Amino acid sequence: MQPLAIILMGCGVIIMALHSLNLRWLVHKREGKQIIAEIPLLAIEFAVSFLLLSPFIFFWDSIVGYFSVPIRPDQTWFWRGVTLTTFANLVIQYAGAKAKAEAHGEVSLVAPIQALTPGLITVTALFLGERLSALGWIALLLISGGVYVHARWEASAKTLYEWLLPLAFWIWFLPHRGLLSEEEKSKRRALRWSYLGAVFGAVGLLGDGLSARHGNLPLAFAIQALVMAVVYACAVPLTKSSWQVDRTCVSVKFDPRWMVALLGLLFAAHIFTVQTAFMLSPIAVIGTLKRVRILVEVPLARFVLGEKKALGRRLWVAILVAIGAIILALDDKSPAVFTYLER
């Protein structure tokens with residue numbers, strides 16, 4: 001990987017980890033109360049991101065020119081990328097919501113499937129002419145495996161069946177049988193939605209790479225942020241209470257509304273770091289490294305949110321992911337950034 005790509009991804013994983021922790025803090029229920037509900041929070045987040053990204057549209061070319069970031073303007077591929085990433089994110093959000101609803105709070109059942117996204121995007125990239133080296137494949141397996149193991153540990157998996165349950169997709173896509181309980185049927189539907197989300201996660205990463213490499217990056221994600229903000233806003237009831245921030249359920253010296261605004265700022269910041277890295281490294285590499293945020297989340301969750309559960313196990317997983325990230329960063333046999341379809 002190029003030094004600039006490593007720097008961008010290093011900053012990006014920190015920003016994504018902070019975004020994840022901030023989101024968890026805002027929507028966490030305290031004695032049945034939340035600072036703000038998740039749907040209006042996401043609408044505000046994307047609206048703030050749109051406002052922050054929009055000014056950069058007008059001088060993005062100057063920025064990438066100053067840092068000598070390679071870009072190949074192509075309106076056709078750019079708008080294909082924008083369409084892919086926007087549509088994919090809409091499907092991901094809907095599939096994620098359906099999976100959580102069907103899992104009835106058993107998020108640990110469906111969360112490990114998201115660890116498959118780097119593998120899916122790598123397979124997708126193969127068809128575009130991007131091929132990882134042997135070291136790249138080892139790093140991908142370490143990072144994806146670490147994320148998967150972390151999710152199953154969180155589910156307190158003990159038997160081999162419990163460990164491999166989310167991967168049994170050939171079972172979950174079989175037709176329902178009359179002898180299945182309603183709980184089992186619900187789990188099957190949850191996993192189906194989760195696999196759909198993982199597949200579109202790969203499609204979204206492909207769109208991210210295409211839009212970043214072939215046009216105005218802030219324009220691409222300002223459009224996505226605007227679409228997401230409108231969609232989420234339409235899902236919120238037209239009452240003043242639905243948008244209110246409850247400052248009574250936390251005892252902090254600052255106004256929680258600043259943390260709501262910070263969420264949008266962090267999302268915009270990750271666009272300028274992680275998404276810019278797509279211009280410098282293969283889609284499969286950046287898509288995999290995005291999962292490295294667990295390295296930052298584990299210690300921060302301990303010291304910021306006070307999460308002490310299974311800290312030792314989480315650190316071991318973080319170390320495994322770190323080894324994979326280092327291998328991927330040092331791999332100098334990555335393919336050309338622009339695939340044969342883009343040439």
Side-chain angles (χ1 to χ4, degrees), residues 1-23 45-46 48-71 78 81-82 85-86 88-89 92 117-118 121 139 143 147 201 204-225 228 259 261-300 318 321-322 324-326 328-331 334 337:
M1 286 181 68
Q2 296 184 32
L4 180 57
I6 295 174
I7 293 171
L8 287 171
M9 284 307 302
C11 296
V13 295
I14 294 173
I15 291 168
M16 287 190 296
L18 291 173
H19 177 277
S20 176
L21 292 173
N22 188 19
L23 178 63
E45 173 195 354
F46 285 113
V48 171
S49 298
F50 170 75
L51 294 175
L52 293 174
L53 289 168
S54 296
F56 289 91
I57 294 172
F58 303 101
F59 46 91
W60 180 246
D61 290 342
S62 300
I63 295 175
V64 295
Y66 179 81
F67 289 101
S68 301
V69 178
I71 187 171
F78 172 73
V82 173
T85 189
T86 303
N89 274 283
I92 291 166
T117 300
I121 189 59
I143 294 172
V147 174
L205 285 173
L206 181 60
D208 289 349
L210 291 174
S211 56
R213 295 171 182 178
H214 293 293
N216 192 307
L217 180 69
L219 173 61
F221 286 92
I223 292 172
Q224 182 189 123
M228 299 299 287
M259 301 302 287
L262 178 63
L263 202 65
L265 174 62
L266 291 171
F267 181 84
H270 118 276
I271 298 300
F272 292 118
T273 52
V274 175
Q275 305 307 127
T276 303
F278 278 112
M279 301 179 183
L280 304 167
S281 293
I283 294 170
V285 172
I286 301 304
T288 301
L289 284 178
K290 288 178 74 172
R291 270 64 190 171
V292 177
R293 72 183 191 192
I294 191 176
L295 291 174
V296 183
E297 281 189 44
V298 169
L300 281 182
V321 172
I326 292 170
L328 203 56
L330 296 178
D331 179 19
S334 297
V337 174

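Remember, it's a predicted structure, so these values are computed and weren't measured experimentally.
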* For Ala261 and Val48, work out which heavy atoms get closest and say how close. => O-CG1, 3.8 Å
* 4.5 Å side-chain heavy-atom contact, Met279 and Val64 -> yes
* **Ala5 versus Ser281, closest heavy-atom pair with distance** => CB-OG, 3.6 Å
* **Ser54 side chain reached by Leu52 side chain, heavy atoms, under 4.5 Å** => no
* Measure the spacing between OG of Ser211 and CG of Leu206 and express it to the nearest 0.5 Å. => 9.5 Å
* Asked: Side-chain contact, heavy-atom cut-off 4.5 Å: Phe50 with Ile223?
  -> no
* Asked: Under 4.5 Å between any side-chain heavy atoms of His19 and Glu45, yes or no?
  -> yes
* Asked: What's the spacing between Arg213 CZ and Phe78 CZ if we round to 0.5 Å?
  -> 14.5 Å
* **Gap separating the CG atom of Leu266 from the CD1 atom of Ile14, nearest 0.5 angstrom** => 12.0 Å
* **Contact summary for Gly264 and Ser49, nearest pair of heavy atoms** => O-OG, 3.0 Å
* Name all residues meeting the side chain to side chain contact (heavy atoms under 4.5 Å, CB included) criterion together with Ile63; count only those two or more places apart in sequence or in a different chain, and write none if there are none. => Phe56, Phe59, Trp60, Phe67
* State the CD1-CG distance between Ile15 and Asn22, to the nearest 0.5 angstrom. => 13.0 Å
* To do: Under the side-chain hydrogen bond (donor to acceptor under 3.5 Å, both in side chains) rule, collect the residues that match up with Asn89, sequence neighbours excluded.
  => Thr85
Under 3.5 Å, which donor-acceptor pairs do the side chains of residues 268-275 form with other protein atoms, sequence neighbours left out?
| unit_1 | atom_1 | unit_2 | atom_2 | d |
| --- | --- | --- | --- | --- |
| His270 | ND1 | Phe267 | O | 2.8 |
| Thr273 | OG1 | Ala269 | O | 3.2 |
| Thr273 | OG1 | His270 | O | 3.2 |
| Gln275 | NE2 | Asp208 | OD2 | 3.4 |

* **Interatomic distance, Leu4 atom CG to Thr276 atom OG1 [nearest 0.5 angstrom]** => 8.5 Å
* Kindly write out the residues that satisfy side chain to side chain contact (heavy atoms under 4.5 Å, CB included) with Leu23, not counting sequence neighbours, or none if the list is empty. => Val27, Leu41, Leu263
